[in-house]
Structure formats: structure tokens, C-alpha cells
Amino acid sequence: MAEILVLVDHVDGTVRKPTLELLTLARRLGEPSAVYLGPGADTATDVLGTYGAQKVYVVDAPDVAEHLVTPAVDALTQIAASSGPAAVLLPSSLDGKEIAARLAVRLEAGLITDAVDITADEDGRPVTEQSVFAATYQVTAHVTEGVPVITVKPNATAPEPAPATPVVEKVDVTFDPAATATRVLSRTPRVGGDRPELTEADIVVSGGRGVNGAENFAVIERLADALGAAVGASRAAVDAGWYPHSHQVGQTGTQVSPQLYIAAGISGAIQHRAGMQTSKTIVAVNKDADAPIFELADYGVVGDLFKVLPQLAEEIDRRRG
């Protein structure tokens, strides 16, 4: 079977969920091989094998952690040159997309970003689905030149285990002097709570202008906690100072694609829709029956969010016992 390279997204050896999704998608195309950069590979190997990685390329070099994305590009370029993969899959994070763009230039290959699904055509080539033009259209595409380099948005698929015993191959990479021209002096982890990461969450509950104040976001958070969800906010709510910018969902904020997206007090302007339209199921709660969000929603409730959301949270708690 054709080899499919998957760049591992991890934090000190802990593999993040988008990588497990990429391995699941890679199995549709061929035989997944994970590319692990940095220390901690021993911890990650078992997890990668559980989700189908047949091989793990390990680049345990300090240059990867101490510098920006260029060393990762060097590593992927050299591994791709020696292994001849049928495709390279990366997460659609900021770093993932920059690495993918640079890699595609070096491989003289086509690049597709922000795919929400990947399948194989009759010739075994990867065919992607994307949401484009502010989520107005869904398109399918495939790369026509070189090794396809594809970034995939989180929650494109549910991770599915396929236990394997991967072969671990340690790779010595020759880094270009330019790759080490800029050094990372320090890293400060973002302080997070008990809620899941916005981009990786299976469920997102977002509040908009209708929440009418920072103190009222407690209603949004209450429902999110009942569902085990992440909290999002519209641009109007963020610009008003009601919720941190890091939680903004939209074209100029974070783009999410959860299994369930609940929009409370959000009108549904095109800027917001561009950030959440690829959600699998959308539920809207708004007291304005003519709000554009209802055109997009799978389920809609015309009502006061301050009455609907607390009842919903209480019913969820009751059913969970």
C-alpha cells in the first residue's frame, strides 16, 4: 500500500486529538506513517500505533524545539524525499499550515488547506472537501502536481482505533543554516480551564450580542459545562469586551467544526458563519425569528436564551443523573 505521512501534533509527548483524526483519514488512502519531531517519542509511539500508524519516523533533535517551523520543514522534506509518500497530511493549525506551505514549495507539489474530509478516488488519489468563500460553497479538489500536501481541520472525522505495532525509525536530519537563524527564547503555556480546547472540542456553545453583557456569559458557560463543551463567542460579543478574543468564532477568529454547535443570541452574520458552518449539527437559539442563523441551523428555537439555556442545562443534568 502507498505510504501516507502524518505530522504528529503533540505537547511533550502527549499526542493531540487532530493527529488521531489524521491517522484515521490516512488509512483511507494507504498505510499511515507518523512523523514525530522532538523528544518524548517513546510515550507517543503506543498511541500512534493504536490509531493505525505502521511506522513512526522520529527526529529527536534539539533544533526542532529550539527554533521556529523551518527545522520541521527540513525534516519533512528529507523524509518525504527518501520514503516517496503518496500524500502528506498535517493539522490545520497556524504552524501546520505554514509548514505545509513551505513543504509544498520545496517538493514542487500542490497544496490544499483546511480540508474537512478526505477520500480516495478510483485511482487512489486523495480527494478533499473544503468550505470556501466564507463557507458559502463546499468544493471537492485534488492535487494535480507532485505529492499532495494537505492540511485538515480538527473534527473532520472521529478518531477510530486500528491497533498496529509500528516500526520506529530514527532519522538524522541535516538542517539548513537558515533554519536555525531564529531561536525560540521561551514558551509560556496558555492557562486553560477544565473545558476542552475550542478548535478540538466535539461540542461548542457560543454566545453573541443577545447575551447582553459579560456577566451574562455565565448562562453560556453553564450549558457548556453540562455538555462538556468549549465556549465560543461572536465578534460582537468579543468587541464589546464580554469575552476574551481567544474564544472568538468567525472568519477573523477561530474556525471550528464540532459535532454540535449551539449558537445563542447570535444573528448569523456571514463573518460568524464562516467560522462554524462546517459544524456537523447546528442548533440556534434566538428571540428574533427572522435571524439569518436559522437559515443555517439544523434545529432552531425561537425564544429567550435566558429561559431556554437554563432549562436545557437542567434537563441534561437530570438525564445524566
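Nothing here was measured: the structure is a model prediction, and the numbers come from that model.
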Stepwise side chain to side chain contact (heavy atoms under 4.5 Å, CB included) check, Leu90 with Leu76: CA-CA 11 Å; Leu90 306 91; Leu76 277 172; 4.0 Å; yes
Parallel, tilted or perpendicular, as decided by the 30° and 60° cut-offs, for the rings of His10 and Tyr36: parallel
Test log, rule side chain to side chain contact (heavy atoms under 4.5 Å, CB included), inputs Gln54 and Glu3: CA-CA 9 Å; Gln54 300 295 317; Glu3 185 173 14; over 6 Å; no
Non-hydrogen atoms of Thr151 and Gly96 that approach each other most closely: CG2-O, 4.1 Å
Rounded distance (nearest 0.5 Å) linking atom NZ of Lys17 with atom CG of Asn155: 4.0 Å
Heavy-atom closest contact (Pro85 atom, Ala80 atom, distance): CD-O, 3.2 Å
Side chain to side chain contact (heavy atoms under 4.5 Å, CB included) between Asp317 and Arg222, worked out: CA-CA 11 Å; Asp317 288 343; Arg222 168 74 177 87; 2.5 Å; yes
Side-chain ion pair, Glu314 and Arg318, N-O less than 4.0 Å: no
Donor on one side chain, acceptor on other, Tyr57 and Gln78, under 3.5 Å: no
Ser206 versus Tyr261, side-chain donor and acceptor atoms under 3.5 Å: yes
From Ser267 atom OG to Phe294 atom CZ, the distance as rounded to the nearest 0.5 Å: 11.0 Å
Ala141 versus Gln130, closest heavy-atom pair with distance: CB-OE1, 3.9 Å
All side chain to side chain donor-acceptor pair (under 3.5 Å) counterparts of Arg319, not counting sequence neighbours: Glu315
Gln138 versus Ser131, side-chain donor and acceptor atoms under 3.5 Å: yes
Evaluation steps, side chain to side chain contact (heavy atoms under 4.5 Å, CB included), between Thr157 and Asp117: CA-CA 7 Å; Thr157 190; Asp117 195 17; 5.7 Å; no
Least distance between heavy atoms, Gly208 atom then Trp242 atom: O-CZ3, 3.7 Å
Distance-minimising heavy-atom pair for Gly303 and Val285: O-CG1, 4.1 Å
Shortest non-hydrogen contact from Ala237 toward Gly207: CB-O, 3.9 Å
Side chains of Ser92 and Asp114, donor plus acceptor under 3.5 Å: yes
ILVMFWY network linking Ile79 to Leu29, side-chain heavy atoms under 4.5 angstrom: no
From Ile203 atom CD1 to Leu223 atom CG, the distance as rounded to the nearest 0.5 Å: 9.0 Å
same_hphob_cluster(Val35, Val58) at 4.5 Å side-chain heavy-atom cutoff: no
